[in-house]
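None of these values were measured; they are calculated from a predicted model. Residue numbers run from 1 in the order of the sequence given.
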Amino acid sequence: MRSLDDLALLVGRLCIAALFLPAGIGKLGNLAGFAGSLAAKGVPAPMVFGGLAAATEVIGGLLLIAGLWPRFTAIWLAGFTVVATLLSHLFWTLPEAAQAGQQIHFFKNVAIIGGFLFYFAAGPGAFSLGRKKAL
C-alpha cells in the first residue's frame, strides 16, 4: 500500500508542476509582456518582480518534479500562489458579468494552496530525490 501512496505523491507533484513549469517558461519567453501586465496592476519594479515570478514558477516546478526540499517548496509556492491570487483574481471587485470566471480561478488557486499544504505534510514520497518530509 505504501508504494501506491508514493505513486500518488509522484503523480500529484507532476500534476502541480505541469501548471507551474510551463507558465514560468512562458513568462520568461515574454518577460516584457508579463512585466507590462504587472505594471498595469500597480506592481512596483515590474521587470524585477516579473523575473522573480517566472523564476519561482520554473525553479519551483523543477523542485516539485524532483521532490527536493518539499517543505520549503510547498511554503514558497503556496505563498507565491497567494500573491498571484490577490493580484489577479479578486472576483468580488469586478463587474458582475466578469465575476464568475475570476471566482473559478480564485478557488482553483485556493485548491492549489491546499495541495501545497498536503505536500508540506506528506512529503515527496519514495519516488523522489528528497525522499523525506524534512527540509
Side-chain angles (χ1 to χ4, degrees):
M1 194 59 110
R2 180 65 193 156
S3 62
L4 186 57
D5 292 347
D6 290 326
L7 180 61
L9 289 167
L10 171 63
V11 172
R13 291 191 340 259
L14 295 176
C15 287
I16 297 174
L19 173 67
F20 284 87
L21 186 57
I25 291 169
K27 285 176 179 74
L28 286 175
N30 184 16
L31 192 53
F34 178 57
S37 72
L38 292 177
K41 293 175 180 161
V43 174
M47 283 298 285
V48 171
F49 284 109
L52 288 173
T56 291
E57 289 181 319
V58 170
I59 294 167
L62 293 172
L63 288 173
L64 282 169
I65 291 167
L68 289 171
W69 305 301
R71 288 185 168 218
F72 169 78
T73 303
I75 294 302
W76 182 30
L77 290 175
F80 171 82
T81 305
V82 167
V83 171
T85 302
L86 294 176
L87 280 174
S88 299
H89 304 302
L90 299 180
F91 63 91
W92 58 90
T93 65
L94 300 172
E96 190 173 337
Q99 285 184 1
Q102 288 304 312
Q103 185 176 17
I104 290 168
H105 289 299
F106 178 90
F107 285 108
K108 169 196 57 104
N109 284 10
V110 169
I112 291 166
I113 293 163
F116 285 129
L117 295 176
F118 275 105
Y119 184 50
F120 180 90
F127 304 126
S128 69
L129 298 177
R131 290 193 183 102
K132 295 181 183 178
K133 290 184 183 180
L135 286 171

Exercise. Angle class for the Phe91/Phe107 ring planes (parallel below 30°, perpendicular above 60°, tilted otherwise)?
Worked result: tilted

Exercise. Roughly how far, to the nearest 0.5 Å, is OG1 of Thr56 from CH2 of Trp76?
Worked result: 4.5 Å

Seminar exercise, completed: All heavy atoms of Ala53 vs all of Phe34, minimum pair found to be CB-CE2, 3.8 Å

Exercise. Any side-chain heavy-atom pair from Phe116 and Leu64 closer than 4.5 angstrom?
Worked result: yes

Problem set entry | same_hphob_cluster(Ile112, Phe80) at 4.5 Å side-chain heavy-atom cutoff | yes

Exercise. Taking all atoms of both residues into account, what is the closest heavy-atom pair of Gln99 and Leu94, and its distance?
Worked result: NE2-O, 2.9 Å

Exercise. Does any N or O in the side chain of Thr73 come within less than 3.5 Å of the main-chain N or O of Leu68, such that one atom is a donor and the other an acceptor?
Worked result: yes

Exercise. Looking only at heavy atoms, which two atoms of Ala122 and Leu9 are closest? And how far apart?
Worked result: CB-CD2, 3.9 Å

For this session: Kindly compute the distance separating OG1 (Thr85) from NZ (Lys108), expressed to the nearest 0.5 Å.
Result: 7.5 Å

Exercise. Is Val11 reachable from Leu14 through a run of I, L, V, M, F, W or Y residues, each pair having side-chain heavy atoms under 4.5 Å apart?
Worked result: yes

For this session: Please tell me if the side chains of Ser88 and Phe106 come closer than 4.5 Å, counting only heavy atoms from C-beta onward.
Result: no

Problem set entry | Path from Trp92 to Leu87 over hydrophobic side-chain contacts below 4.5 Å | no

Exercise. Mind checking whether Phe127 and Leu7 have side chains closer than 4.5 Å, heavy atoms only?
Worked result: yes

For this session: Report yes or no: do Leu129 and Ile59 belong to one cluster of Ile/Leu/Val/Met/Phe/Trp/Tyr joined by side chain heavy-atom distances under 4.5 Å?
Result: yes

Problem set entry | ILVMFWY network linking Val48 to Leu28, side-chain heavy atoms under 4.5 angstrom | no

Exercise. What heavy-atom pair brings Ala17 and Gly61 nearest, and what distance separates the two atoms?
Worked result: CB-O, 3.6 Å

Problem set entry | Heavy-atom closest pair, residues Pro70 and Gly123 | CB-CA, 4.4 Å

Exercise. Nearest heavy-atom pair of Ala54 and Lys27: which atoms, and what distance?
Worked result: CB-CB, 3.8 Å

Problem set entry | Those residues that, when tested against Leu21, pass side chain to side chain contact (heavy atoms under 4.5 Å, CB included) (two or more places apart) | Ile25, Val58, Leu62, Ile65

Exercise. Are the side chains of Tyr119 and Leu77 in touch, meaning some heavy atoms are under 4.5 Å apart?
Worked result: no

Problem set entry | Verdict with reasoning, Thr81 to Phe20, per side-chain contact (heavy atoms from CB on, under 4.5 Å) | CA-CA 10 Å; Thr81 305; Phe20 284 87; 3.5 Å; yes

